[in-house]
Colleague: 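This is the structure I have questions about; it appears just below.
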Amino acid sequence: MSTHSIRPGSSAATPADDPWTAMRGLTQARIGLQRSGNALSSADVLQFQADHAAARDAVHTPMDADGVVEGLRALGLGDPVVVTSQASSRAEYLRRPDLGRVPEDLEAIEHSGADIGFVIADGLSATAVDTHAVTLVETIAAELSPRFSIAPPVVATQARVALGDHIGEALGVDVLLVIIGERPGLSVADSLGIYLTYRPERGRRDSERNCISNIHPPDGLGYRDAARIVGALVVGARALDASGVALKDTSSDDPAVAEAAAQGELG
């Protein structure tokens, strides 16, 4: 979005003079970009290039699976299992989304019969998983325990969301939570999404899932808010015997919760 021109030879507006300065603090979107004629300011061009590089790195950099496994093991949820899709490389994963939805081998996964299963998948932003996934799992587990039993977590590489259906079926869980790196943009490269599926099995449609997106504190949805929404959806899915378009988020229906959220006490 362009706001005003800077005449050749004149100096750029100072922060005190720029009416967009305060508004930029409220959003990560590119607003109020300075320009001279058809050219953007050097600072804005350089920032764009840096953000574009961060987005590319998020997509192409492999997940630190060993680091994620170590962090999950420290949570005491059981020994994590690592699986991969049929995509043999990151390049093939990006070219062939279909291969990312099918597991290479699930022999290491044991049937647990637990209420809840976690799959931590690299998706399209390994940066997001490396940065947020372990803490998010810890926060959600604290929200769900001790009401629900939790299966040992599974770490999936070169993974798309639907790979979780195969894993959830092998685990034998009632509700599967796929925590996955979301497609990065030019303002956010480290955002996570959670896909909740009730009674996961191969062939589930996207309409049978619920998604909680834009999880990347401090600028996006916070861990505690995400965990609160997950808790409400899990309860709702078990009561409804379904997830997806039929299941709505009721996490703010509790007046006390809604008031706390309005006062900024959650997240």
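For clarity, every value in this text was computed on a predicted model and none was experimentally measured.
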Colleague: State whether Arg160 and Asp122 are salt-bridged, where the test is any N-O pair (Lys NZ or Arg NE/NH1/NH2 against Asp/Glu carboxylate O) under 4.0 Å.
Modeller: no
Colleague: Between atom CD1 of Ile150 and atom OG of Ser112, what is the distance when rounded to the nearest 0.5 Å?
Modeller: 10.5 Å
Colleague: Find the distance between CD (Glu138) and CG (Leu75) and round it off to the nearest 0.5 Å.
Modeller: 5.0 Å
Colleague: Among Asp190, Thr131, Thr127, whose side-chain contact (heavy atoms from CB on, under 4.5 Å) with His216 holds?
Modeller: Asp190
Colleague: With a 4.5 Å heavy-atom cut-off, do Ile215 and Ile179 have their side chains touching?
Modeller: no
Colleague: Determine, stepwise, if the pair Arg204 / Thr197 fulfils side chain to side chain donor-acceptor pair (under 3.5 Å).
Modeller: CA-CA 8 Å; Arg204 286 293 190 193; Thr197 306; over 6 Å; no
Colleague: Report the distance from atom CG of Asp225 to atom CG of Asn214, rounding to the nearest 0.5 Å.
Modeller: 12.0 Å
Colleague: What do the steps show when you test Asp174 against Ile116 for side chain to side chain contact (heavy atoms under 4.5 Å, CB included), and what is the final call?
Modeller: CA-CA 6 Å; Asp174 283 344; Ile116 307 295; over 6 Å; no
Colleague: Please set out all donor-acceptor pairs under 3.5 angstrom arising from side-chain atoms of residues 97-104, sequence neighbours excluded.
Modeller:
from, atom 1, to, atom 2, distance (Å)
Asp98, OD1, Arg96, NE, 2.9
Asp98, OD2, Arg96, NE, 3.4
Asp98, OD2, Arg96, NH2, 2.7

Colleague: For Phe118 and Ile140: C-alpha separation, side-chain torsions, deciding distance, then whether side chain to side chain contact (heavy atoms under 4.5 Å, CB included) applies.
Modeller: CA-CA 10 Å; Phe118 282 103; Ile140 295 174; 3.6 Å; yes
Colleague: Apply side chain to side chain contact (heavy atoms under 4.5 Å, CB included) to Arg199 and Val175, showing your working.
Modeller: CA-CA 6 Å; Arg199 298 286 171 85; Val175 179; over 6 Å; no
Colleague: To the nearest 0.5 angstrom, please state how far the CG atom of Asp105 sits from the OG1 atom of Thr84.
Modeller: 10.5 Å
Colleague: What distance separates Leu233 CG from Arg209 CZ, expressed to the nearest 0.5 Å?
Modeller: 14.5 Å
Colleague: Whether the side chain of Glu182 engages the backbone of Ser213 through a donor-acceptor N/O pair (distance < 3.5 Å, no angle test) should be reported.
Modeller: no
Colleague: Thinking salt bridges, do Glu169 and Arg202 make one under a 4.0 Å N-O criterion?
Modeller: yes
Colleague: Under a 4.5 Å cut-off applied to non-hydrogen side-chain atoms, are Leu72 and Ile120 in contact?
Modeller: yes
Colleague: At what distance, to the nearest 0.5 angstrom, does CD1 of Ile194 lie from CG of Asn210?
Modeller: 11.5 Å
Colleague: What closest approach, in Å, do Pro184 and Ala189 show between heavy atoms, and which atom pair accounts for it?
Modeller: CB-CA, 3.7 Å
Colleague: Please say which of Glu92, Arg90, Gln86 ends up in a side chain to side chain donor-acceptor pair (under 3.5 Å) with Gln158.
Modeller: Arg90
Colleague: Side-chain contact, heavy-atom cut-off 4.5 Å: Pro217 with His132?
Modeller: yes
Colleague: Using the rule given for side chain to side chain contact (heavy atoms under 4.5 Å, CB included), can you reason through Met63 versus Val68, listing the C-alpha separation, both sets of side-chain angles and the distance that settles it, and then say yes or no?
Modeller: CA-CA 8 Å; Met63 174 176 63; Val68 173; 4.3 Å; yes
Colleague: Pair up each side-chain donor or acceptor in residues 240-247 with any protein partner under 3.5 Å, not counting sequence neighbours, and list the distances.
Modeller:
from, atom 1, to, atom 2, distance (Å)
Asp241, OD1, Tyr198, OH, 2.9
Ser243, OG, Tyr198, N, 2.9
Ser243, OG, Glu208, O, 2.6

Colleague: Same cluster for Val188 and Leu136 if Ile/Leu/Val/Met/Phe/Trp/Tyr side chains link at under 4.5 Å?
Modeller: no
Colleague: Can you confirm whether Leu94 sits close enough to Leu124 that some side-chain heavy atom of one is under 4.5 Å from a side-chain heavy atom of the other?
Modeller: yes
Colleague: Is any side-chain heavy atom of Val69 less than 4.5 Å from a side-chain heavy atom of Pro80?
Modeller: yes
Colleague: Is there a donor-acceptor pair closer than 3.5 Å between any side-chain N or O of Ser149 and the backbone N or O of Ala114?
Modeller: no
Colleague: Quick check: closest heavy atoms across Ala121 and Ala159, and the distance to 0.1 Å?
Modeller: CB-CB, 3.7 Å
Colleague: Is the side chain of Asp64 donor-acceptor paired with the backbone N or O of Asp130 at a distance under 3.5 Å, no angle test?
Modeller: no
Colleague: List, by chain and then residue number, the residues other than Ile109 in its hydrophobic cluster (Ile/Leu/Val/Met/Phe/Trp/Tyr, side-chain heavy atoms under 4.5 Å); write none if there are no others.
Modeller: Val81, Val83, Leu106, Val119, Val154, Val161, Leu163, Ile167, Leu171, Val173, Leu176, Val178, Ile180, Tyr195
